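All values below come from the heavy atoms of this structure, side chains included, with hydrogens, waters and symmetry mates left out. Just so it is clear, the structure is predicted and the values come from calculations on it, not from any experiment. All chains are named by letter (A, B, ...) in the order of the sequence lines, taking the proteins before the strands, and each is independently numbered beginning at 1.
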Number of protein chains: 2
Amino acid sequence: MRQQVAKLAGVSEATVSRVLNGVGPVKEATKQRVLAAAAELGYVPNALAQQFARKKSGNLGVVLPHMAKVSLFSTYYFSEMLSGIGSEVQASGNDLLLLFREADQPRNYTALFQSQKIDALIVLGARNMELDRTALEELTQEGYPFCVLNQRFGPRGSESPFLTVDADHWSGSQEAVRHLIDIGCRRIAFINGPEQYSNSIDRREGYLSVLVQSGLPIEQPLMLTGNYSRKSGYELANQLAELIKSGQADSVFAANDRMAIGAMQGLREHGLEAGRDYALCGYDDADAARMASPQLTSVAVPFQEMGRKAASLVLGGGSIGADASRSAVLPVQLVIRESTGVQQRRSK
Amino acid sequence: MRQQVAKLAGVSEATVSRVLNGVGPVKEATKQRVLAAAAELGYVPNALAQQFARKKSGNLGVVLPHMAKVSLFSTYYFSEMLSGIGSEVQASGNDLLLLFREADQPRNYTALFQSQKIDALIVLGARNMELDRTALEELTQEGYPFCVLNQRFGPRGSESPFLTVDADHWSGSQEAVRHLIDIGCRRIAFINGPEQYSNSIDRREGYLSVLVQSGLPIEQPLMLTGNYSRKSGYELANQLAELIKSGQADSVFAANDRMAIGAMQGLREHGLEAGRDYALCGYDDADAARMASPQLTSVAVPFQEMGRKAASLVLGGGSIGADASRSAVLPVQLVIRESTGVQQRRSK
DNA sequence: GCAAAAAATGTACACGCGTACATTTTGTCA
DNA sequence: TGACAAAATGTACGCGTGTACATTTTTTGC
């Protein structure tokens, strides 16, 4: 096929290759002849042969958490990040290979590199567990380019052994809690997610630090744990209702919107309305935040940008910024809506 | 590398290949020797070379609608289908290549096959437009295995020129509208999506057919059009409010949950509550349906199963069922919740 | 125990491309 | 115009598999 193009253009196959790849010096006239010939014959290079010859698949792998039941991860989180990754991948002329992780199976990420199926890797939904840690350590050891998204290993602010793109959930939680305090809340219940996720830890620390700064007491009974699902928030509503009705709590800060909405629904069954009987703040600013009634105050996370950043880092193969830093932490932003609405609280 | 394995096992490279691929007759003893040697050396076959030699990439391509702003397609729809596709792809030992479509650019799907980047294709979010039709026609002409998901070309029930997996939105809409009539509604407003999607057409026809069957009049003013976004539903609420307050409408059937929720929110601003002042039924049964207040009656669509089916069809390369039918239509199911709650309506 | 069939293994090469290196053409300067 | 450098193009080969075909080994049937 390439041979036919070469013959039609009156050149050698090598020249065809050079023209199509824009490499090496080529006379403008021959270039046009080759392109014309290729167009006429409808020649499309065999990507498999190209990858083989170049020893590059051109694929960015993205590992997804197992999500048969969409439970732990809101689909918002997932699809937004993927969208960001996709836009960057597309811009760089690469492709995106989706890799579905089996639940609790040993990860074999290095094999993906050894087989050259992927040139780079982004890991979504990693947890701080033996299984994940060893897999990532292995990748580091071998020097393969990869990036962990929305998860940090080691303490906050510490230098990461590998590329990491995260959002500043510590500051985000601080903002959220400060906002609750600003509107008059003093006893802020907190629904967190599992601490395998650095996200959860960051939020807890942000929550606690503001309490301390503000001279408010830290009350263990106010700190609850769900699993980031709506259902878990809903189930915690019984405890929350008691806390609120007894005056032990006047507000709820949930570590994501799904749990916030679940809690909101559960509390409603106890006759408690967000924005009226208690203030409620979620996290993520998913679509669901705007769909809830009352609309949910939340912390917007730049998931798309995080995806783009991770992709660009891992495809560029470089470190972050001019320095040799291995981790990027993107800012988040509080979005105030009805569930902490001042007017509604006043009308109480 | 393979050579080293061969030497260590004391066989030829061809035998190594045979063992690893489980092809051809191999003595059990040599098989074990080869496997042991491969394990010891940590040999991982080069996927690129395999693909090249086999002339198969092992990739199933999935074309995604452009979704910079997550507007037309709920992320629920998207991630559920993808999840279904993913499970099937994984089970078949293939990989999933994500292909992001640029907005309003000519589609070049055939090139993906010609370059052998993909062995099969699933098209998500196709519309009945020139751009899409010609692209699909081209694929058909060339005989490439592909499947269109959740979209039909040509009239309902007609034989499709290519593989199609859809859900029975006609029956689903009928069920929804019948349910509304069952609970006493007589003037059912209908918010549909753009008619580029066969989904929309099916829902409209289902809606109309039940009205006719039930002897209810068809009123043009009750039929509104949005774009499947929450915002569009919200914006139509003004018209709906007027219809409801003037007694022209007593219920709303929205073609998806997002628009239903948008309408619900908009109507609330007019003092109208779903399940109390009017009945509301959505479609898709996305998570959002359960997150809304009141929880939304909706039509559950087996998105995951559709994804699995499409993947299995297109990877199997076969037709659907024993007959030569080219299209599968999966059943949907009405899920009744509070927004059409009988008890609430009674208390009106 | 021998011939023939069957099973197991080895040998050799193609797959389509990119590219190092050799060769030819073009351009430059005196 | 000739010598030489630079640009343009051609030639040849490797990349790591899978597999058709040739060859060797084992089994079978008598």
B:R133 bridged to B:E130 by N-O distance under 4.0 Å:
yes
Flag the pair A:R2 and A:E13 as a salt bridge only when some basic side-chain nitrogen lies within less than 4.0 angstrom of an acidic carboxylate oxygen.
yes
If each of B:V11 and B:A49 is mapped to the nucleotide of DNA chain C with the nearest heavy atom, which maps nearer the 5' terminus, i.e. the 5' end?
B:V11
Would you tell me if any nitrogen or oxygen in the side chain of [X] comes within less than 4.0 Å of OP1 or OP2 on [N]?
{"X": "A:N46", "N": "C:dC15", "value": "no"}
{"X": "A:R2", "N": "C:dG16", "value": "no"}
{"X": "A:Q51", "N": "C:dC17", "value": "no"}
{"X": "B:T15", "N": "C:dA8", "value": "no"}
{"X": "B:T30", "N": "C:dA8", "value": "no"}
{"X": "A:Y43", "N": "C:dG16", "value": "no"}

Quick one: which of [options] gets closest to the side chain of [X]?
{"X": "B:Q50", "options": "D:dT17, C:dT9, C:dG18", "answer": "D:dT17"}
{"X": "A:K55", "options": "C:dT9, D:dT17, D:dC15", "answer": "D:dC15"}
{"X": "B:S17", "options": "C:dG16, D:dT17, D:dT19", "answer": "D:dT19"}
{"X": "B:A14", "options": "D:dG10, D:dA8, C:dG10", "answer": "C:dG10"}
{"X": "B:R18", "options": "C:dA20, C:dG10, D:dA8", "answer": "C:dG10"}
{"X": "A:F52", "options": "D:dG16, C:dA7, D:dG10", "answer": "D:dG16"}
{"X": "B:K27", "options": "D:dT26, C:dC17, D:dT17", "answer": "D:dT26"}
{"X": "B:S12", "options": "D:dG10, C:dT11, D:dT9", "answer": "C:dT11"}

Could you label the plane-to-plane angle of the B:F78 and A:F78 rings as parallel, tilted or perpendicular, counting under 30° as parallel and over 60° as perpendicular?
parallel
Atom [atom1] of [X] to atom [atom2] of [N]: distance rounded to whole Å?
{"X": "B:N21", "N": "D:dT19", "atom1": "CG", "atom2": "P", "value": "7 Å"}
{"X": "B:Q116", "N": "C:dC15", "atom1": "CD", "atom2": "C1'", "value": "10 Å"}
{"X": "A:R54", "N": "D:dG16", "atom1": "CZ", "atom2": "C1'", "value": "18 Å"}
{"X": "A:K56", "N": "C:dT19", "atom1": "NZ", "atom2": "C1'", "value": "16 Å"}
{"X": "B:L48", "N": "C:dG16", "atom1": "CG", "atom2": "P", "value": "16 Å"}

Find the distance between OH (A:Y144) and OG1 (A:T110) and round it off to the nearest 0.5 Å.
6.5 Å
Kindly compute the distance separating CD1 (A:I122) from CD (A:E88), expressed to the nearest 0.5 Å.
9.0 Å
Would you mind classifying the nucleic acid contact of A:V23 as base, sugar-phosphate or nothing, using non-hydrogen atoms under 4.0 angstrom?
nothing
In a check of side chain to side chain contact (heavy atoms under 4.5 Å, CB included) between A:L99 and each of A:L64, A:N59, A:L121, which one passes?
A:L121
